[in-house]
Visitor: 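Starting off with a structure, shown below.
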Protein chains: 2
Amino acid sequence: MKVLIVEDDPLHRSYLHEAVNAALPECDTVIEAENGTAGEKLARDHKSAHIVMDLQMANRNGIEAARTIWKERPETRILFWSNYSDEAYVRGVSRIVPDGAAYGYVLKSASDERLKLALRSIFIESQCVIDREVRGLQQKSLGQTNGFTDSEYEILVDIALGLTDRAIAKRRSLSLRSVQNRLQQLYDKLDVYQSAGDDHEDGRFNLRARAVTVAFLRKLLNYSALERAEAELQEWLEGK
Amino acid sequence: MKVLIVEDDPLHRSYLHEAVNAALPECDTVIEAENGTAGEKLARDHKSAHIVMDLQMANRNGIEAARTIWKERPETRILFWSNYSDEAYVRGVSRIVPDGAAYGYVLKSASDERLKLALRSIFIESQCVIDREVRGLQQKSLGQTNGFTDSEYEILVDIALGLTDRAIAKRRSLSLRSVQNRLQQLYDKLDVYQSAGDDHEDGRFNLRARAVTVAFLRKLLNYSALERAEAELQEWLEGK
DNA sequence: CGCCGTCTTGCGTAAACCCGCAGCTTGTTG
DNA sequence: CAACAAGCTGCGGGTTTACGCAAGACGGCG
């Protein structure tokens, strides 16, 4: 058995290396990549079926890399190992995991024990292992309670990118008014109307900009989500 | 000599611990904190004069912590050790360093050697050591070439927070029109007018929102900068 | 001191945005 | 099938933005 480790940070990389050796005696080879691009290439060359992947790497982030890897070989097992459980990441990951694929999401703050368990469960037993904290987000995100619909999230991204209502309408094939409806829905859920109890009418917010910031502060959005969205936008712009 | 290490990640923390021991034989005690809040407390209790500080920690980030520490004891020497050289961080740090204080900014990607050298230079020789890459940003940021004025940066933050023109005017004691002037200046510098060469008039951007995103993608802003700005905003709102 | 560049401010306009009202299309449920 | 909730869309109007034009204000500088 071969395991590929894709991770920026040399310290974490060698820690992972040890953890893999300790948890998987049946693993005879460990290879390492220090960014997403290299990771993709190695995965292809070695036909890796077992990958431990960091999200958030400078060069090309884990989600991008995982996406192309899964596109080529959907049965690949990937354990995501990340510092954060931002909703943006969680959403990003669950958007790209192929049907029935075995994968995992473990936080870096987890104990050695938990990491090793996750490694065995995913790579040997083909089980999905999702960190409890992350799991919570996923639930909330899928169930509607307090969570955001896909269309709400979509429009959030669109205004975050700086599109006008008209442009959004065109992109999503909606009428202007519908776009604005969704915006209002979004403003509602983000609770963007004034900072709590402040009744001065002068301290008003620009809802559109405020919504984006609030989303950021709540980790609904983060840098990597923006980056991806921007790339998609550019693509769309190309295609007229 | 006593050294205080403030760092989230246990791996990095122990790495730093070793590096300090190796670089500074004159150091007899090393204490560790795993977030900003704990760091501040330990610094106070131990009257630490030598600190290695991570930026970007979950609980309370390094800039906040450094600010309060420096407020109490401005002669404290702090070495910032960070993964990133976002302009937002660099700007954040240089805004809080007291006159004549010895401090350093080293990237985590630097070699062992460089880290050790920096430790000695700052703690023993009271020199400032700024990573070359970071230095570049600082220059650009101070010299006007291609960089952003303080007032431009200020208004960038204000729209990022989601304030209306009117609110900004009030906050910064300007007329509405002046605020809008500065905005235009900002839009200019960020080059927010249409995505390169696209002459379809439909693909237009909402300049205000777009500016924020572009700033984010260029790392002029980041999460921690937003967080701080938001806190300041709330303070201001309190004070009517 | 007069010239000049930078910054501030007011006026005015066209466009974009926020949003209530109301008619329609759907999918769901008893 | 009737009833109802949920989402799409057009209309209309009050606000906010973006920005050209032009008149001061302030700070060098020859």
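Just so it is clear: chains get the letters A, B, ... in the order the sequence lines come, proteins before strands, and each one is counted from 1.
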Visitor: Would you please say whether a donor-acceptor pair under 3.5 Å links the side chains of B:Q184 and B:Q180?
Guide: no
Visitor: The side chain of B:Q180 is closest to which nucleotide in this list: C:dT9, C:dT8, D:dA18?
Guide: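 Looking only at heavy atoms from C-beta outward on B:Q180, the closest nucleotide is D:dA18.
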Visitor: Indicate, with a heavy-atom threshold strictly under 4.0 Å, whether A:L176 touches base, sugar-phosphate, or nothing.
Guide: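 It contacts nothing in the nucleic acid.
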Visitor: Looking at C:dC19, D:dC8, C:dC17, which one has an atom nearest to any side-chain atom of A:L174?
Guide: D:dC8
Visitor: How close or far is atom P of D:dC8 from atom CG of A:L183, stated in whole angstroms?
Guide: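 For the pair A:L183 CG and D:dC8 P, the rounded distance is 12 Å.
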Visitor: In whole Å, what is the span from the CG atom of B:L163 to the C1' atom of D:dT16?
Guide: 14 Å
Visitor: Heavy atoms from C-beta onward define the side chain here; which of D:dA18, C:dC18, C:dA16 lies closest to that of A:L207?
Guide: C:dC18
Visitor: For the residue pair B:Q234 and B:E238, confirm or rule out a side-chain donor-acceptor distance under 3.5 Å.
Guide: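 Side-chain D/A pair, B:Q234 to B:E238: absent.
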Visitor: What's the closest nucleotide to the side chain of B:S178 if the choices are D:dC8, C:dT8, C:dC18?
Guide: C:dT8
Visitor: Have a look at A:N206 and say if it touches a base, only the backbone sugar-phosphate, or nothing, with a 4.0 Å heavy-atom cut-off.
Guide: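 Sugar-phosphate, backbone atoms only, no base.
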Visitor: Atom CD of A:Q185 to atom C1' of D:dC8: distance rounded to whole Å?
Guide: 12 Å
Visitor: Taking OH from A:Y187 and C1' from C:dG20, how many angstroms apart are they, rounded to a whole number?
Guide: 16 Å
Visitor: Of all the choices, C:dG10, D:dT17, C:dA16, which nucleotide is nearest to the side chain of B:S175 once you look at every atom?
Guide: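 Nearest to the side-chain atoms of B:S175, counting from C-beta on, is C:dG10.
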Visitor: Taking CG from A:N181 and P from C:dG23, how many angstroms apart are they, rounded to a whole number?
Guide: 16 Å
Visitor: Less than 6.0 Å separating the ring centroids of B:F216 and A:F216?
Guide: yes
Visitor: Measure up the B:W70 and B:F80 rings against each other and bin them: parallel (under 30°), tilted (30 to 60°), perpendicular (over 60°).
Guide: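 Plane angle over 60°, so perpendicular.
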Visitor: Would you mind reading off the distance between A:F205 atom CZ and C:dC19 atom P, rounded to a whole angstrom?
Guide: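 It works out to 14 Å between those atoms.
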Visitor: Measure from the side-chain heavy atoms of B:R177 and tell me the nearest of C:dG20, D:dC8, D:dC19.
Guide: D:dC19
Visitor: How many whole angstroms separate atom CD1 of B:I155 from atom C1' of D:dT17?
Guide: 12 Å
Visitor: From the list D:dC8, D:dT16, C:dT8, which nucleotide is the closest neighbour of the side chain of A:R204?
Guide: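 Given the options D:dC8, D:dT16, C:dT8, the side chain of A:R204 is closest to D:dT16.
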Visitor: How long is the line joining CZ of B:R166 and P of C:dT9, in whole Å?
Guide: 15 Å
Visitor: Step through the shown structure and confirm whether more than 12 heavy atoms of other residues, nucleotides or ligands are within 6.0 Å of CD on A:E133.
Guide: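 No, not enclosed.
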Visitor: Give a yes/no on whether any side-chain N or O of A:Q184 is located under 4.0 angstrom from OP1 or OP2 of C:dG20.
Guide: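 It does, given that an N or O in the side chain of A:Q184 lies less than 4.0 Å from OP1 or OP2 of C:dG20.
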